[in-house]
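Reading through the structure tokens given below for one structure.
Residue numbers start from 1 in every chain, and the chains themselves are labelled A, B, ... in the order their sequence lines are given, proteins ahead of strands.
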Number of protein chains: 2
Amino acid sequence: MNEEQIIEISKALGNPTRLRILKWLRDPENNFPPHEDLGHFDDGVCASHIKDKAGLSQSTISSFLSMMEKCNLIILTRHGKWSYFKRNEKVIKEYLNSIELEY
Amino acid sequence: MNEEQIIEISKALGNPTRLRILKWLRDPENNFPPHEDLGHFDDGVCASHIKDKAGLSQSTISSFLSMMEKCNLIILTRHGKWSYFKRNEKVIKEYLNSIELEY
DNA sequence: TTGATATTTCGACATTTGTCGATATGTTTG
DNA sequence: CAAACATATCGACAAATGTCGAAATATCAA
């Protein structure tokens, strides 16, 4: 993983709300209500539920999720009007490995 | 490692100069000139050498090193008028483990 | 103790980030 | 298509960060 990516991910992790979102997404069943429509968390959790749990404004959460997605910490999947977010385990591992081995 | 510490370390890693300093300190022999007085890198590298390599002002580097030390990423040892900095491998490992297992 | 040198602290200022409410866009459904 | 809802974007503003040069401290050495 290149330096730029490591820096962007580190910035994303340097905020309590974003760090918690990442943690919550580890275990959607225990951190969020079920999705009415979908009935599963295969693509993660929809933005509204994350907003409700985080307790910040819709626009703030939207931009937080967007920056987490831009640096590939999370993966966005759209189902109709809903945006679902799940962890990008591969990139998280790469981040940890890069720091461990290179930085 | 608690959330606050993870956040502070992530912030420290979210800047190219600080990230590079951490990397350089992995291998002082190959990244810095020898210490005239000391003749070894047992306590790391002195602030001036880090400043020269980073190419930022002395005050900027001083505050960068200070914040890296406050969040325990690096360990400061003073020898007379020189401040030497080395990596805190234990804390770096704890950071990576915490993210891997909790976040 | 005085001068030279290493580091820290201070004050300034520009840039970035955190956060909001309002507005715009996109999607579903009646 | 129009209303309703989920999400994204915009504009604003306060707080934090990046960065500098200058001044203050601390230490060594003559």
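- Salt-bridge check for B:K90 with B:E94: passed, with a basic side-chain N closer than 4.0 Å to an acidic carboxylate O.
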Inset, instruction - Would you mind building the protein contact string for nucleotides 22-30 of chain C? One character per nucleotide, 5' to 3', B for base within reach (heavy atoms under 4.0 Å), S for sugar-phosphate only, - for untouched. - result: B----SS--

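- In this structure, B:R20 pairs ionically with A:E3, as a charged nitrogen and a carboxylate oxygen lie closer than 4.0 Å.
- Without hydrogens or angle criteria, A:R87 side chain to A:L22 main chain gives a donor-acceptor distance under 3.5 Å.
- Within 6.0 Å of CD on A:E36 lie no more than 12 heavy atoms contributed by other residues, nucleotides or ligands.
- Listed pair A:S83 / D:dA8 meets the phosphate criterion, a side-chain N or O lying under 4.0 Å from OP1 or OP2.
- For A:I61 and D:dT7, the CD1 to C1' distance is 13 Å, given to the nearest whole Å.
- A:L65 comes within contact range of no nucleotide atom at all, as no heavy-atom separation falls under 4.0 Å.
- A:T60 comes within 4.0 angstrom of a base, heavy atoms only.
- Side chain of B:T60 to backbone of B:L56: no donor-acceptor contact under 3.5 angstrom is found.
- Summarising the geometry, the separation between CE on B:M67 and P on D:dA16 is reported as 13 Å, rounded to the nearest angstrom.
- Nucleotides of DNA chain C nearest to B:F85 and A:F64 differ in position, and the one nearer the 5' end is that of B:F85.
- Between B:I50 atom CD1 and C:dT7 atom C1' there is a gap of 12 Å when expressed in whole angstrom units.
- Summarising the geometry, the separation between CD on B:E8 and C1' on D:dA16 is reported as 11 Å, rounded to the nearest angstrom.
- If you measure from atom NZ of A:K51 to atom P of C:dG18, you get 20 Å, rounded to the nearest angstrom.
- The backbone N or O of A:D42 sits less than 3.5 Å from a side-chain atom of A:H40, completing a donor-acceptor pair.
- Proximity of A:N15 to the phosphate of C:dG18: a side-chain N or O atom is located under 4.0 Å from OP1 or OP2.
- The CG atom of B:D52 sits 10 Å away from the P atom of C:dA6 (whole-angstrom rounding).
- Atom CD of A:E29 sits in a crowded spot, with more than 12 heavy atoms from other residues, nucleotides or ligands closer than 6.0 Å.
- Among the atoms of the strands shown, base atoms are found under 4.0 Å from some heavy atom of B:S57.
- Spacing between atom CG of A:L56 and atom P of D:dT7 amounts to 16 Å, rounded to whole angstrom units.
- Following rounding to the nearest Å, B:E36 (CD) and C:dT5 (P) show an atom-to-atom distance of 13 Å.
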